[in-house]
Amino acid sequence: MQQPLNESFFQQPTLELARSLLGMLLVNENEEGAASGWIVETEAYLGPIDRAAHSFNNRRTRRTEVMFGPAGRAYTHLIHTHCLLNVVSGGIGHPESVLIRAIEPCAGIEWMYRRRGSVKKEQELTNGPGKLTKALGIGMEFYGASLFERPLFIAAGKKVTSVAVGPRIGIDNTGEAKDYPYRFWHEGNPFVSKG
DNA sequence: CGCAGGATCCGCT
DNA sequence: GCGGATCCTGCGA
């Protein structure tokens, strides 16, 4: 049984947190058991100065409210028909977050296949931000939930030695912000969404 | 109250 | 590789 990380893990600058999250284990426990995967790809969103972030210019609405709270909570939001999972960082009053873009399946793989429906290859279960939330059964009901407490939490995983850095994905129409090197991934891992 | 657009995925070519 | 699905959020009137 995995143990959640201490809350203090999340008390670090957002870009360092995005790097530190690589290799950590994302776990969701429910009535069926536990499904989990190692984080292999993340993206940082630095609110006030980052035009690509929902919290750009400190925009504060019901949707972005949780990012103004303490670090270590979950910021979930819908895009098209999918749910995306972010880790809130930056501390109180600093609306920053880290998007979990891809994970490598660890436990509960059979349930992931069941939730993902027609997917046949293990690689396609979790190699995208909308895919991994569906595979793990994460939805908007986790908005604001603490990621250092069950049932949805982050635990110590394996050490990632080879880290690559580059621009983010899917945000082409946001001026200079699209070129910021805020994306981190485990180099060579086949479960990364691109590259 | 209506409209424009988005941190995506999937199927088909 | 490309285009459509599909629906909520934010903003302006």
Is A:H54 stacked on the base of B:dA7 when the test is centres under 5.5 angstrom and planes under 30 degrees? yes
Heavy atoms under 4.0 Å, any strand shown: does [X] hit a base, just sugar-phosphate, or nothing?
| X | value |
| --- | --- |
| A:R60 | nothing |
| A:R62 | nothing |
| A:I171 | sugar-phosphate |
| A:R59 | sugar-phosphate |
| A:L78 | sugar-phosphate |

What is the distance, rounded to the nearest whole Å, between atom [atom1] of [X] and atom [atom2] of [N]?
| X | N | atom1 | atom2 | value |
| --- | --- | --- | --- | --- |
| A:L84 | C:dT9 | CG | P | 14 Å |
| A:E43 | B:dT8 | CD | P | 8 Å |
| A:Q123 | B:dC10 | CD | P | 13 Å |
| A:H77 | C:dC7 | NE2 | P | 16 Å |
| A:I79 | B:dC10 | CD1 | P | 15 Å |
| A:H82 | B:dC10 | NE2 | P | 6 Å |
| A:K134 | C:dT6 | NZ | C1' | 14 Å |
| A:N57 | C:dC11 | CG | C1' | 15 Å |

Short side-chain N/O contact from [X] to OP1 or OP2 of [N], under 4.0 Å:
| X | N | result |
| --- | --- | --- |
| A:T61 | C:dC11 | no |
| A:R63 | C:dG10 | yes |
| A:K131 | B:dC10 | yes |
| A:T81 | C:dC7 | no |

Which distance, rounded to the nearest 0.5 Å, do you find between the OH of A:Y180 and the CD1 of A:I49? 6.5 Å
N/O donor-acceptor pair under 3.5 Å between A:R183 side chain and A:E43 backbone: no
Starting from the 5' end of DNA chain C, give me the residue, A:H80 or A:M140, whose nearest nucleotide shows up first. A:H80
For A:E110, does the CD atom have more than 12 heavy-atom neighbours from other residues, nucleotides or ligands under 6.0 Å away? no
Return the 5'-most residue of the pair A:R116, A:G170 with respect to DNA chain B, ranking by each residue's nearest nucleotide. A:G170
Using heavy-atom distances to pick each residue's nearest nucleotide on DNA chain B, tell me which of A:E124 and A:I169 is more 5'. A:I169
Verify whether one side chain among A:T126 and A:E104 offers a donor that lies under 3.5 Å from an acceptor in the other. no
Would you please classify the geometry between the A:F148 ring and the A:F10 ring as parallel, tilted or perpendicular, with 30° and 60° separating the classes? tilted
If you draw the axis of the six-membered ring of A:Y45, does the NZ or CZ of A:R168 fall within 45° of it and under 6.0 Å from the ring centre? yes
Watson-Crick or G-U wobble partner for C:dT6, using a 3.5 Å limit on both distances? none
